[in-house]
There are 2 protein chains.
Amino acid sequence: MLKKERHDFIMRQINLHNRVLTSDLVQLLNVSEDTIRRDLQELVDENLLYKVHGGALSKSYHSSFDDSTVYARDSKIAIGKKAVQLIKDGMVVLTGGGTTILEFVKRLPQGLSATFFTISPLVAVELAKYNNIEVILIGGLFSKNSQVTYGGQVITQLSEIKADLCLMGTSAIHPDEGLTDTYWEINQLKKAMLACAKKTAVLCISEKLDIALRLRVCPIESISYLITELDLDHESLSRYRAKELNIL
Amino acid sequence: MLKKERHDFIMRQINLHNRVLTSDLVQLLNVSEDTIRRDLQELVDENLLYKVHGGALSKSYHSSFDDSTVYARDSKIAIGKKAVQLIKDGMVVLTGGGTTILEFVKRLPQGLSATFFTISPLVAVELAKYNNIEVILIGGLFSKNSQVTYGGQVITQLSEIKADLCLMGTSAIHPDEGLTDTYWEINQLKKAMLACAKKTAVLCISEKLDIALRLRVCPIESISYLITELDLDHESLSRYRAKELNIL
DNA sequence: AATTTTATCGCACAAACACGCATAAAAACG
DNA sequence: CGTTTTTATGCGTGTTTGTGCGATAAAATT
């Protein structure tokens, strides 16, 4: 392999994952650590990346990437980390959209090998950064509000899927009313998603607890895991703890 | 073997494999290293390839890396503006992916009312910013390299669509060889896209002109519009002007 | 503080390269 | 036709570049 090709490869990895480990590159490219270090140094000289102990970072990662505008980002990161624990190698996972799911995806382990179905283009793009994850985007009408695909076609396709786990964000959850929503189409969509997965995890920031909206998606019993940013023994969760529900 | 024949051979290798090693050429062509080096140098002087230590790379091999800063952005904006002229109210448009298409989408007029099918999640998200555009994302396997959906499911869905216009980016276009590509799946995809649209516009920055890759998508006659950033009377376009093709 | 991981430096060696020169075939010319 | 000029190629020699190895230093981890 030519040096230039190696450089291109490294830059592709960097642009894809925003970071790269020296040790990974050694394996992937089958050259010595010295060579990788020299490559990285040369790319630094060309001002194409930042070098750090153990690997390198994308230049654009720090400057142009601004997700600080995400509402309650810290909570969502905490939820994302917890959700990652549910994912094992070889699983088939179905996800919805939303910023919480996105934070979850960003925190998946690099080497994970799994199959992900998703109705969110943004989630698909983020998932594509993992080499060993197969990503299937479910197509259909694209919703301008919630940035996911919806409609009859989506529901038809969902009915053909059998997933081990479904991860979804939520608009509202209530200990008695269960999962609820405001829009008919989204409601239908969530029902279909639930129906095709063995287990369901709901990702939910604490401020959406104890709220019930107009349309019912499912009772609380249909949910396998509730993941919030709160401690397990937090008072707000007591009424959920009583139910048949794993709380993370 | 004549020098010209050798040059042609080298260019063919480059366009086919994106790269070539000096040592391989020595063997294949049965000449000394010096001769190969001189050949490569001459091809560099003609601006036909990129020479590196150990061999040479295709000029158009910018393909999938360089994500952070859009390559040749100004050209792509110019192309996008031209392409917008083809879009009228009420049209059904099918688009591929890529940075050129994205620049096109960003330049659509605000009030436009139309239906867009797309295989690119990023394009879908961008299109969703227009209130009167209905966006349908075609789902399927998601390609990590080209960031579009592909595979059997996509092709099946495409076969059910009838679009007025198909807009696609391109890897390579050649006056005699037509549209060509390197990957089988993308090749199949483009064929399917062409098949379901009444007219096709190819968006192509000038440096991808006159290049032929391994797999053929369609002859030049199947294309309705060729859109580049060049002036209409630019010399590089003369060989395309001869064909049945609208040049913008 | 001890241990492991990652970096840095100098060196060695092979592969790739540039340059001048020699040769020979092809082309141009009287 | 013979001579000169041009072009194309290969060889020898010295140089540069790319890569890996070992020893040592620095950083992270325990």
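So that the names make sense, note that chain A is the first sequence line, chain B the second, and so on, each numbered from 1.
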K.L.:
Given atom CZ of A:Arg6 and atom C1' of D:dT17, what is their separation to the nearest angstrom?
P.N.:
12 Å
K.L.:
How close or far is atom P of D:dG20 from atom CE of A:Met1, stated in whole angstroms?
P.N.:
13 Å
K.L.:
Sub-3.5 Å donor-acceptor pair from the side chain of B:Thr22 to the main-chain atoms of B:Gly54, do we have one?
P.N.:
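Pair found, side chain donor or acceptor close to backbone of B:Gly54.
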K.L.:
I'd like to know if the side chain of A:Asp164 reaches the main chain of A:Val93, judged simply by a donor and an acceptor atom lying under 3.5 Å from each other, with no hydrogens or angles considered.
P.N.:
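Side chain of A:Asp164 to backbone of A:Val93: no pair is present.
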K.L.:
Are any protein N/O atoms closer than 3.5 Å to N/O atoms in nucleotides 28-30 of chain D? If there are, list each pair with its distance.
P.N.:
none

K.L.:
Any side-chain donor-acceptor pair under 3.5 Å between B:Thr118 and B:Thr95?
P.N.:
yes
K.L.:
For B:Lys4 and D:dA8, is the shortest distance between a side-chain N/O and OP1 or OP2 below 4.0 Å?
P.N.:
no
K.L.:
Output the rounded distance in Å from CG (A:Asp24) to C1' (C:dT6).
P.N.:
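It is 14 Å, rounded to the nearest whole Å.
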K.L.:
I need the residues from residues 29-39 of chain A with at least one non-hydrogen atom less than 4.0 Å from DNA chain C; give them sorted by number, or say none.
P.N.:
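Nucleic-acid contacts, sorted: A:Asp34, A:Arg37.
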K.L.:
For A:Tyr50, is there any backbone N or O sitting under 3.5 Å from a side-chain donor or acceptor partner on A:Lys59?
P.N.:
no
K.L.:
CG of A:Leu25 versus P of C:dA7: gap in Å, rounded?
P.N.:
11 Å
K.L.:
Would you say the side-chain atoms of B:Thr180 pair up with the backbone N or O of B:Leu213, donor to acceptor, closer than 3.5 Å?
P.N.:
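Looks like yes, one N/O pair under 3.5 Å.
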K.L.:
Just the rounded figure in Å: distance from P of D:dT19 to CD of A:Gln41.
P.N.:
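Whole-Å distance recorded here is 15 Å.
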K.L.:
Flag the pair A:Arg12 and A:Asp8 as a salt bridge only when some basic side-chain nitrogen lies within less than 4.0 angstrom of an acidic carboxylate oxygen.
P.N.:
no
K.L.:
Calculate the interatomic distance between A:Leu43 atom CG and D:dG18 atom P; express it in whole Å.
P.N.:
13 Å
K.L.:
Pick base, sugar-phosphate or nothing for A:Thr22, based on heavy-atom distances below 4.0 Å to the nucleic acid.
P.N.:
sugar-phosphate
K.L.:
Any non-hydrogen side-chain atom of B:Lys144 less than 4.5 Å from a side-chain atom of A:Val135?
P.N.:
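With C-beta onward as the side chain, the pair touches.
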K.L.:
For a quick check under 3.5 Å, do B:Ser120 and B:Gln147 share a side-chain donor-acceptor pair by atom type?
P.N.:
no
K.L.:
Thinking salt bridges, do A:Arg107 and A:Glu103 make one under a 4.0 Å N-O criterion?
P.N.:
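A salt bridge is present here (some side-chain N lies under 4.0 Å from a carboxylate O).
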K.L.:
Looking across every strand, which nucleic acid part, if any, lies under 4.0 Å from A:Val52 by heavy atom: base, sugar-phosphate, or nothing?
P.N.:
sugar-phosphate
